[in-house]
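Proteins get letters first, then strands, A, B, ... in listed order; numbering begins at 1 in each.
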2 protein chains.
Amino acid sequence: MVERARQPIGRPRDSRVDEAITRAVRELLAEVGYTGLTMDAVAARAGVGKAAIYRRYATKQEMVFAAAIHGETLEVPPDSGSLLGDLTALARVIVGHLSNPAASGTLLSLLGEITTDPALAERFTRTFVEPERAGNAELLERAVRRGELERMPDVDLFHAVFGGAVLSWLFISRHDPHDLPERLARFACAALRSAEPHPPTAERRT
Amino acid sequence: MVERARQPIGRPRDSRVDEAITRAVRELLAEVGYTGLTMDAVAARAGVGKAAIYRRYATKQEMVFAAAIHGETLEVPPDSGSLLGDLTALARVIVGHLSNPAASGTLLSLLGEITTDPALAERFTRTFVEPERAGNAELLERAVRRGELERMPDVDLFHAVFGGAVLSWLFISRHDPHDLPERLARFACAALRSAEPHPPTAERRT
DNA sequence: ATAGTTCCGGAACTTTTCGTATCGGAAAGG
DNA sequence: CCTTTCCGATACGAAAAGTTCCGGAACTAT
């Protein structure tokens, strides 16, 4: 009853095959999109057999998801000394990631699939959404500690506004992103600074 | 040589077939999503032959696009008397439209396709994005005329922020939208009101 | 009325793609 | 040496997109 044989026996998997598959998926996603991507094309470009792919991923959906999130953690930008500077840097990080054609095409196609697949939605939330929300919260906490903000803002709302604005700017309006970070950061900064419960009529003042 | 026969001859198209196809597409999009939608399923549910579909739309993409935007013009909410009220109403309209499972699934899947199809992207912009941006501009102009805003804000940025925030809230964060309109309107209103080029140091004053 | 045109639902057909299975061979452990 | 698992290659069945034909119906022009 002692579970001992933890190391697998048999020929081990070739890590170069993993890398070739991931690279092929990303290239093809950028070129032909999610619906245009075929398993045979992935196998051909990666120079592997289809069996090698299905040994790793059960479905095309799973393969694409894995390739899309492979090491794609948005890092929190370093403390710039001001909320406006931090927000500008954050916007630049998001724009940078979403400007990658492979990542953007994958993200949008995945969003379409998510509406009908609760399990995929759950994984997406844990892998993508939660870490980014936590990063945003950290950035806002710095501003509170700095004294730029009196209290902690509505993190959920800020997260939706900031990420959603970049998403909409790039993929719905399809504008040039070159000066978006400055404009968006100024907009968000203004909103956060004047986040008083009741604006002009100061009914309660300690 | 006189071009006279402008009215088509032969059996006219049955408008009930158009309606049945559109309804079937929307129902199926909500149930199985874009990639899960098949032409055979549309034909079966609509109770029509596939030939009737292909007589109207050349491709699946075109059919879905047509069904998605069928009379889906976001109307500008009536003047509520204040910018905050107008923004809350606008957010409610957007949330209402995007909460429809058929419309939301369609929109997201379409976004994924758009990344690899410039022609589709162009049509999407003209049909969806431009009218909504114009509606936002009208709403902001009311606030300027009312005196709530000193000058016209950055409409492109506002449009991306407002729509993008709802999009992200619903489909990326996947939160409950019931109190989003109020929170988002307050956030955006605060940003718009304090949109001064240089905040405290009033260097130029006429 | 009748001929010509276009529509209708239904069904057969071709091509493409997903996912599985099978093959000979290679790389690891027992 | 033997078992297991991997490898690339290929073949296969099921499903689905898109095309095409059918017999019949509806509408226009003559």
Side-chain angles (χ1 to χ4, degrees), chain A residues 2-25 28-29 31-67 109-110 112-113 116-117 120, chain B residues 2-25 28-29 31-67 109-110 112-113 116-117 120:
Chain A
V2 188
E3 287 209 23
R4 198 128 73 73
R6 267 285 162 251
Q7 61 214 0
I9 83 172
R11 176 174 176 174
R13 290 189 182 169
D14 189 340
S15 65
R16 288 171 310 188
V17 172
D18 295 74
E19 294 160 15
I21 293 173
T22 300
R23 183 164 359 105
V25 171
L28 286 168
L29 277 174
E31 291 171 21
V32 297
Y34 181 85
T35 53
L37 179 142
T38 70
M39 302 300 273
D40 292 88
V42 172
R45 179 163 305 197
V48 307
K50 283 209 294 178
I53 299 177
Y54 280 105
R55 219 171 276 122
R56 292 165 169 78
Y57 312 107
T59 65
K60 172 182 171 181
Q61 211 177 50
E62 190 178 318
M63 178 191 72
V64 170
F65 183 78
S109 300
L110 229 44
E113 302 276 305
T116 53
D117 187 341
L120 182 64
Chain B
V2 188
E3 286 208 23
R4 198 130 72 75
R6 267 284 162 253
Q7 60 213 359
I9 79 175
R11 178 174 174 174
R13 290 190 183 170
D14 190 339
S15 65
R16 288 171 311 189
V17 172
D18 296 76
E19 293 161 16
I21 292 173
T22 300
R23 184 165 356 106
V25 170
L28 286 167
L29 277 173
E31 292 171 21
V32 298
Y34 181 86
T35 55
L37 179 141
T38 70
M39 302 301 273
D40 292 271
V42 172
R45 179 163 304 199
V48 306
K50 285 209 289 178
I53 299 177
Y54 281 107
R55 218 171 278 123
R56 291 164 170 77
Y57 312 108
T59 64
K60 172 182 171 182
Q61 215 177 47
E62 191 179 317
M63 177 191 71
V64 170
F65 183 78
S109 300
L110 227 45
E113 301 278 304
T116 53
D117 188 340
L120 183 64

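A/Asp18 and A/Arg56 are joined by a salt bridge, as a carboxylate oxygen and a charged side-chain nitrogen come within less than 4.0 angstrom of each other.
Rounded to a whole Å, the CZ atom of A/Arg13 is 16 Å from the C1' atom of C/dA26. Atom CD in A/Glu62 sits about 15 Å away from atom P in C/dC18, given to the nearest Å.
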Going 5' to 3' through nucleotides 18-27 of chain D, assign each nucleotide B (protein heavy atom under 4.0 Å from a base atom), S (under 4.0 Å only from sugar-phosphate atoms) or - (no protein heavy atom that close). BBB---BBBB
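Of all the heavy atoms in A/Ala52 and A/Ile21, the pair that sits closest is O-CD1, 4.3 Å. The two residues A/Ala43 and A/Gly49 have their closest heavy-atom pair at CB-C, 4.3 Å.
Interatomic distance, A/Lys50 NZ to A/Thr38 OG1, rounded to the nearest 0.5 Å: 8.5 Å. Considering CD of B/Glu19 and CG of B/Asp14, their distance stands at 8.5 Å, rounded to 0.5 Å. Remark: A/Tyr54 OH to A/Thr59 OG1 distance equals 8.0 Å, nearest 0.5 Å.
Residues from residues 14-21 of chain A placing a heavy atom under 4.0 Å of any atom in DNA chain D, listed by number, are A/Asp14, A/Val17.
Here B/Leu37 lies in heavy-atom contact (under 4.0 Å) with sugar-phosphate atoms only.
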Would you be so kind as to tabulate the donor-acceptor pairs closer than 3.5 Å made by side chains of residues 60-67 of chain A, with sequence neighbours excluded?
| residue | atom | partner | partner atom | Å |
| --- | --- | --- | --- | --- |
| A/Lys60 | NZ | A/Tyr34 | O | 3.2 |
| A/Lys60 | NZ | A/Leu37 | O | 2.8 |
| A/Gln61 | NE2 | A/Glu113 | OE1 | 2.6 |

